[in-house]
Amino acid sequence: MAVEPTPAIVGAMYDCYSKIFADMLGGYIHLGYWEDPNKHETPEVVADRMTLKVGERLSPARGQRILDVGCGTGKTTVQIATTYDVHVTGITVSHHQIELAQAKYESGENPGEVRFEFANAMELPYPDVSFDGAYAIESFLHMNDRLRAMQHISRVLRPGSRLIIADLYLDRPCPESKAMALYYEMFKLVTLPTGDDLQNFLQLAGFKVLDFTDIRANILPSTKLLAESGKSVGGEEGQKFLELASGLEELKELGYALITAERI
Ligand SMILES: C[S@@+](CC[C@H](N)C(=O)[O-])C[C@H]1O[C@@H](n2cnc3c(N)ncnc32)[C@H](O)[C@@H]1O
């Protein structure tokens, strides 16, 4: 395996590709959740549904302060803030994502409003016990010290509050393959954890895992979106998306976890 990406490398990748990803994924930078793989739905509808699955598990009370770990272009941040009337701080390691989010969404300090900040989850710049809940949608896959990030999140959360994670993981350590290598290189992923790794890290960081559900069957139809984008982008870039789409179906070890954890 090549050298694992640092936050600076991940940030530089998102500085280049955030707009392409968001255009392809309905304004978000996360995969969609499909109830029925045969039903035709837009990228935005399925990505909205994914955010709602996370929101339902977090279920914050009105006025609470929530941390969005890896906020992308801010669409999830705003959706959670307005749906639950909570204040959400979204952090990212991409300066360009902050610019895109701030250009599109107004910042504020009240419930229903959001704030975007450049911050590394493995070095959170917030005081202890400053949030009532947190969620991380497809951001741990980029982190080169997941335990440290969970320890930081645990530190800033109030006891009894929740952390919801939606992320890729492996059923079992996966042999190196061309498809996997392409994913790691293109998206600057850090060797994916197993489900046990994720649960162990959470426990070591002071969380109790309340639920771990594999939703890969609901995520897999997103490969259709990658393939469609590949065709519309065209050229060398488009070819890469087509390869990624067919590669995803080959990776039988790849799972997608929706985890509810409670800060002890
Ligand atoms: C796949 S995008 C997901 C974006 C967003 N959660 C969404 O659902 O649209 C991954 C996000 O994680 C962020 N990220 C990756 N590593 C991070 C780190 N160490 N600290 C904070 N954010 C990080 C990236 O900057 C990016 O915003």
Side-chain angles (χ1 to χ4, degrees), residues 4-33 43-44 46-55 57-58 66-81 83 88-102 104-105 114-126 131 134-153 156 163-169 183-184 186-193 201 215 219 222 225-226 244 256 258-259:
E4 303 219 300
T6 59
I9 291 173
V10 173
M13 184 273 290
Y14 279 114
D15 286 347
C16 287
Y17 289 116
S18 287
K19 178 123 183 20
I20 296 183
F21 292 154
D23 286 349
M24 172 169 98
L25 296 167
Y28 296 94
I29 310 189
H30 64 239
L31 298 172
Y33 186 102
E44 187 169 19
V46 291
D48 270 348
R49 190 179 295 128
M50 180 65 152
T51 309
L52 291 176
K53 295 279 167 200
V54 170
R57 281 164 172 78
L58 188 64
I66 305 298
L67 180 65
D68 180 345
V69 182
C71 63
T73 50
K75 190 161 174 171
T76 311
T77 326
V78 169
Q79 196 187 7
I80 295 287
T83 303
V88 188
T89 300
I91 61 162
T92 167
V93 289
S94 159
H95 290 289
H96 186 52
Q97 288 187 339
I98 300 267
E99 283 164 18
L100 290 172
Q102 286 178 338
K104 190 152 185 192
Y105 306 112
V114 296
R115 183 175 65 204
F116 299 105
E117 293 186 340
F118 184 90
N120 176 0
M122 295 174 283
E123 281 305 335
L124 283 178
Y126 304 115
F131 293 96
Y135 60 90
I137 307 181
E138 295 170 26
S139 56
F140 277 108
L141 46 72
H142 294 299
M143 293 186 206
N144 54 9
D145 193 342
R146 297 181 175 104
L147 172 58
R148 189 175 170 85
M150 288 177 192
Q151 286 168 328
H152 266 271
I153 297 169
V156 302
L163 165 65
I164 313 299
I165 298 175
D167 219 323
L168 294 171
Y169 76 102
Y183 267 91
Y184 278 74
M186 173 94 186
F187 297 120
K188 306 297 175 208
L189 306 185
V190 172
T191 305
L192 290 175
F201 291 157
I215 56 167
I219 299 301
S222 291
L225 299 181
L226 275 175
L244 287 168
Y256 194 107
L258 200 45
I259 306 172

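Both ligands and their constituent atoms are indexed starting at 1 by order of listing. If you read the sequence from its start, that first residue is 1, and numbering goes on from there.
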Output yes when the distance from some N or O of ligand 1 to some N or O of Pro7 is under 3.5 Å, and no in every other case. no

Proximity of Ala149 to ligand 1 by residue part, where a heavy atom lies under 4.0 Å: neither

Rounded to the nearest 0.5 Å, what separates atom CG in Leu189 from atom CG in Leu141? 5.5 Å

Given Asn120, Val93, Ile137, identify the one with the heavy atom nearest to atom 14 (N) of ligand 1. Val93

N/O to N/O below 3.5 Å, does that happen between Ala121 and ligand 1? yes

Which atoms of ligand 1 sit under 4.0 Å from any heavy atom of Met122? 19 (N)

A side-chain contact here means heavy atoms from C-beta on lying under 4.5 Å apart; do Ile164 and Lys53 qualify? no

Are the side chains of Val93 and His142 in contact, using a 4.5 Å heavy-atom criterion? no

Closest approach of any protein heavy atom to atom 27 (O) of ligand 1, naming residue and atom: Gln97 OE1, 2.6 Å

Go through the side-chain N and O atoms of Tyr126 and Glu117 and say whether any donor and acceptor fall under 3.5 Å apart. yes

Test item, Ala119 contacting ligand 1 (heavy atom, 4.0 angstrom): yes

Specify the protein heavy atom at minimum distance from atom 12 (O) of ligand 1: its residue, its atom name, and the distance to 0.1 Å. Ser139 CB, 3.2 Å

For Thr76, take its heavy atoms, then give the atoms of ligand 1 lying under 4.0 Å from any of them. 7 (C), 8 (O), 9 (O)

With heavy-atom distances below 4.5 Å as the criterion, would you say the side chains of Ile137 and Tyr28 are in contact? no

closest protein heavy atom to atom 1 (C) of ligand 1 is Tyr14 OH, 3.0 Å

Parallel, tilted or perpendicular for Phe116 and Tyr105, by the 30°/60° rule? tilted

Is the ring centre of Tyr256 less than 6.0 Å from the ring centre of Tyr33? no

Using a 3.5 Å distance criterion without hydrogens, assess whether the side chain of His30 forms a donor-acceptor pair with backbone atoms of Ala47. yes

Can you find a pair of side-chain heavy atoms, one from Phe131 and one from Thr89, that are under 4.5 Å apart? yes

Distance to 0.1 Å, residue and atom name: give those for the protein heavy atom nearest to atom 25 (O) of ligand 1. Thr92 OG1, 2.8 Å

Would the His96 and Tyr14 ring centres measure less than 6.0 Å apart? no

Are any of the N/O atoms in His30 less than 3.5 Å from those in ligand 1? yes

What's the shortest distance from atom 9 (O) of ligand 1 to any protein heavy atom, and which residue and atom give it? Ile29 N, 2.9 Å

When you measure from atom 13 (C) of ligand 1 to every protein heavy atom, which one gives the shortest distance, and what is it? Gly70 CA, 3.5 Å

Closest to atom 10 (C) of ligand 1 by heavy-atom distance, out of Arg148, Glu138, His95, is Glu138

Contact region, Lys75 to ligand 1, non-hydrogen atoms below 4.0 Å, reads neither

